[in-house]
Amino acid sequence: MEQLLRNVQTIIKAEPVIEGAGVKLQRSIGGQSLRDLDPFLLFDHFGSRKAEDYQAGFPMHPHRGIETVTYMLTGEVHHRDTLGNTGSIGPGDVQWMTAGGGIMHEEMPQVRPEGNEGFQLWVNLPATRKMTQPRYQNISSQAIPEVTTHEGAHIRVLAGNVEGVEGPVTGVGVTPTYLDVFLPAHCAFTHYLPRGQTAFAYIFEGTVAFANNKPETPTRISHSRLLVLDNGERVTMSTDDEPARLLLIAAQPLHEPIVCYGPFVMNTKTEIEQALRDLQQGTFIWSEQRHS
Ligand code: FE
């Protein structure tokens with residue numbers, strides 16, 4: 001049976017924002033035009049060759065109740081947290097951090113002649129896992145499998161499955177798909193996504209034509225745009241004379257109440273007040289004694 005096509009439902013133009021100690025970002029989820037896209041809470045694209053746009057970075061700050069996913073294309077971000085983890089996220093690496101019950105960390109982009117470019121996604125945690133033990137999945141570029149389809153698309157599989165190849169990110173609450181898709185000129189690509197999952201694409205190079213219910217007029221979208229896909233089972237896209245590159249991201253929605261306060265995302269106002277109290281009293285960071 002023919003799988004039901006997912007059409008482009010909404011096209012979002014990113015909003016420029018300044019975050020951290022003064023980092024310029026382009027925000028497509030978590031801004032004015034798209035507050036959230038269950039289970040995704042935020043999606044930022046950062047990229048600049050000018051050190052003053054990014055070098056102030058994100059000094060020590062808390063998170064609770066979410067996962068933050070950093071995927072680098074160019075440059076390097078140094079990372080350090082209050083659990084004693086340190087490291088660096090370089091080109092092609094992904095860091096999938098489960099903040100869970102509480103973490104404080106800093107994320108400092110390093111000044112490089114080639115600049116700094118990448119993405120940060122926030123994924124909500126289900127109520128049952130908001131206070132879970134913090135966890136890191138630091139995955140180096142070499143550990144991310146790349147699939148070349150018979151039609152010639154090159155796909156880095158960070159999470160999810162392409163032609164039987166499984167991405168290395170595992171064990172998070174919402175069974176995510178996170179693909180970095182490179183389409184040469186005149187290349188088609190179809191990906192199957194479970195019905196009921198929330199799905200979006202973010203085009204950051206070139207122009208992509210998305211199949212819709214009118215085969216003669218596909219929806220052509222040029223970079224940089226985020227597009228929300230409607231429900232269905234597959235997304236089908238192609239390029240014309242130019243290559244293109246996009247992220248394809250999907251996950252199971254949670255359908256739970258969201259109460260946000262900066263870097264805390266909980267289900268109730270009381271839980272946010274608790275987070276602020278924990279921060280004041282020095283009991284914010286997750287510990288085995290308090291949470292098991
Ligand atoms: Fe952070």
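Every number for a ligand or one of its atoms is a count from 1 in the order of the listing.
- Under the 3.5 Å distance criterion, with hydrogens and angles disregarded, no donor-acceptor pair is assigned to the side chains of Glu163 and Thr149.
- Of all N/O/S atoms in His105, NE2 sits nearest the Fe ion (ligand 1).
- Within 6.0 Å of the OH atom in Tyr136, the count of heavy atoms belonging to other residues, nucleotides or ligands exceeds 12.
- One finds the CE atom of Met97 at 8.0 Å from the OG1 atom of Thr70 (value rounded to the nearest 0.5 Å).
- Rounded to 10°, the angle formed at the Fe ion (ligand 1) by OE1 of Glu107 and NE2 of His61 is 80°.
- Within His63, the N, O or S atom lying nearest to the Fe ion (ligand 1) carries the name NE2.
- Defined by atom type and a distance below 3.5 Å, a donor-acceptor pair is missing between the side-chain atoms of Thr74 and Arg112.
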